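For reference, the structure discussed in these notes is given below.
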Amino acid sequence: MRPGTFLFDPLFRFEDGTTGKKIFVILSTGGDGTYLVAKMTSQGDRFGIQYGCQPLDRFPNYYFVRGSCCLPKCTWVQLHVFYDLDVADLHDRVVRGQIKQRGVLADAQAEELLVCCTHSEDLTGYQEEQIQEGLAFIRTAVA
């Protein structure tokens, strides 16, 4: 899978240990055995409604208006919490049909999203490196 891939997991494990239905987006290449991902929401009461990168909101995010990508609703990528998922486990769950792919961003949109992620103050140094690798992958694909 590549950066900008949207997946749906009915048993996504949240930061507090609970599980539930969630769409998330892959932000890295997984080359180190881990995918960096960010969860998404269509419940935008905490977020702004300007298309694209909103790094200065109380909760930084990237906003996709309905029709701007493959998702049927207005959707926010939440950039204040990031998750590291094991590549082998994720691939296995996709192959078994436990996680479903919902779409893939066009290269230009994926690049905009990843650049937006670099503005988040909630990234660790390691996560920043993962996003930079994702950006390099997308930019190579475009060239």
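Worth knowing before you read on, the calculation uses all heavy atoms, side chains too, and leaves out hydrogens, waters and symmetry mates. Counting from 1, the numbers follow the sequence of the chain as shown. Just so it is clear, the structure is predicted and the values come from calculations on it, not from any experiment.
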> For Leu105 and Phe6, what are the C-alpha separation, side-chain angles and deciding distance, and is it a side-chain contact (heavy atoms from CB on, under 4.5 Å)?
Replying inline: CA-CA 8 Å; Leu105 288 173; Phe6 296 139; 3.6 Å; yes

>> For a side-chain contact (heavy atoms from CB on, under 4.5 Å) check, start with the C-alpha distance between Asp57 and Tyr63, then their side-chain angles and the critical distance, and finish with the verdict.
In response: CA-CA 11 Å; Asp57 278 7; Tyr63 178 52; over 6 Å; no

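With rounding to the nearest 0.5 Å, the separation of CE in Met1 from CG in Leu7 is 5.5 Å. Rounding to the nearest 0.5 Å gives a distance of 8.5 Å between CD of Glu128 and CG of Leu135. A distance of 4.0 Å separates CD in Glu15 from NZ in Lys39, rounded to the nearest 0.5 Å. Rounding to the nearest 0.5 angstrom, the gap separating the CD atom in Gln54 from the CG atom in Asn61 is 4.5 Å. Summarising the geometry, atom CD belonging to Gln132 is positioned 9.0 Å from atom CG belonging to Leu114; distances are rounded to the nearest 0.5 Å. Atom CD of Glu129 sits about 11.0 Å away from atom CG of Leu123, to the nearest 0.5 Å.
Heavy-atom contacts from other residues, nucleotides or ligands closer than 6.0 Å to CD of Gln50 number 12 or fewer.
Applying the ring pair (Phe, Tyr, Trp, His ring centres under 6.0 Å) rule to Phe14 yields the partners Phe12; only residues at least two apart in sequence or on another chain are considered. Residues that satisfy the salt bridge (Lys or Arg N to Asp or Glu O under 4.0 Å) test with Glu121, not counting sequence neighbours, are absent from this structure. For Cys116, the side chain to side chain contact (heavy atoms under 4.5 Å, CB included) test picks out Cys53, Tyr62, Leu79, with sequence neighbours left out.
Annotation for Ser42 and Trp76: closest pair O-CZ3, 3.6 Å, computed over non-hydrogen atoms. Between Asp32 and Gln130, the closest heavy-atom pair is OD2-NE2, 3.7 Å. Looking at every heavy atom in both residues, Ala110 comes nearest to Pro3 through CB-O, 4.1 Å. Taking both residues in full, the closest heavy atoms of Asp89 and Asp86 are given as N-OD2, 2.8 Å, listed atom of the first, atom of the second, then distance. Between Pro55 and His119, the shortest heavy-atom distance links the atoms CB-CB, 3.8 Å.
In this pair, Phe64 and Tyr51 present their aromatic rings perpendicular. The plane angle is above 60°, beyond the 30 to 60° band.
Residues Ile138 and Val87 fall into different hydrophobic clusters, defined by Ile, Leu, Val, Met, Phe, Trp and Tyr side chains chained together at heavy-atom separations under 4.5 Å. No path of Ile, Leu, Val, Met, Phe, Trp and Tyr side chains, each step under 4.5 Å between heavy atoms, connects Val81 with Leu56, placing them in separate hydrophobic clusters. Using a 4.5 Å cut-off between side-chain heavy atoms of Ile, Leu, Val, Met, Phe, Trp and Tyr, with links allowed through other members, Leu90 and Phe82 fall into different hydrophobic clusters.
Tested against Val37 for a side-chain contact (heavy atoms from CB on, under 4.5 Å), the candidates Leu85, Asp9, Val77 yield a single pass: Leu85.
One N or O on the side chain of Thr5 and one on the backbone of Arg2 form a donor-acceptor pair closer than 3.5 Å.
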Cut-off 3.5 Å, no hydrogens considered: what does the side-chain donor-acceptor table look like for residues 96-104, sequence neighbours left out?
unit_1, atom_1, unit_2, atom_2, d
Arg96, NE, Asp92, OD2, 3.1
Arg96, NH2, Asp92, OD2, 2.9
Arg96, NH2, Gln98, OE1, 3.1
Lys100, NZ, Gly97, O, 3.3

Less than 3.5 Å apart, which donor and acceptor atoms pair up between the side chains of residues 19-31 and the rest of the protein, not counting sequence neighbours?
unit_1, atom_1, unit_2, atom_2, d
Lys22, NZ, Met40, O, 3.0
Ser28, OG, Leu36, N, 2.8
Thr29, OG1, Gly31, N, 3.3

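Applying the ring-ring contact (aromatic ring centres under 6.0 Å, His included) test to every pair with at least one member in residues 86-114, sequence neighbours left out, gives these pairs: Tyr35-His91.
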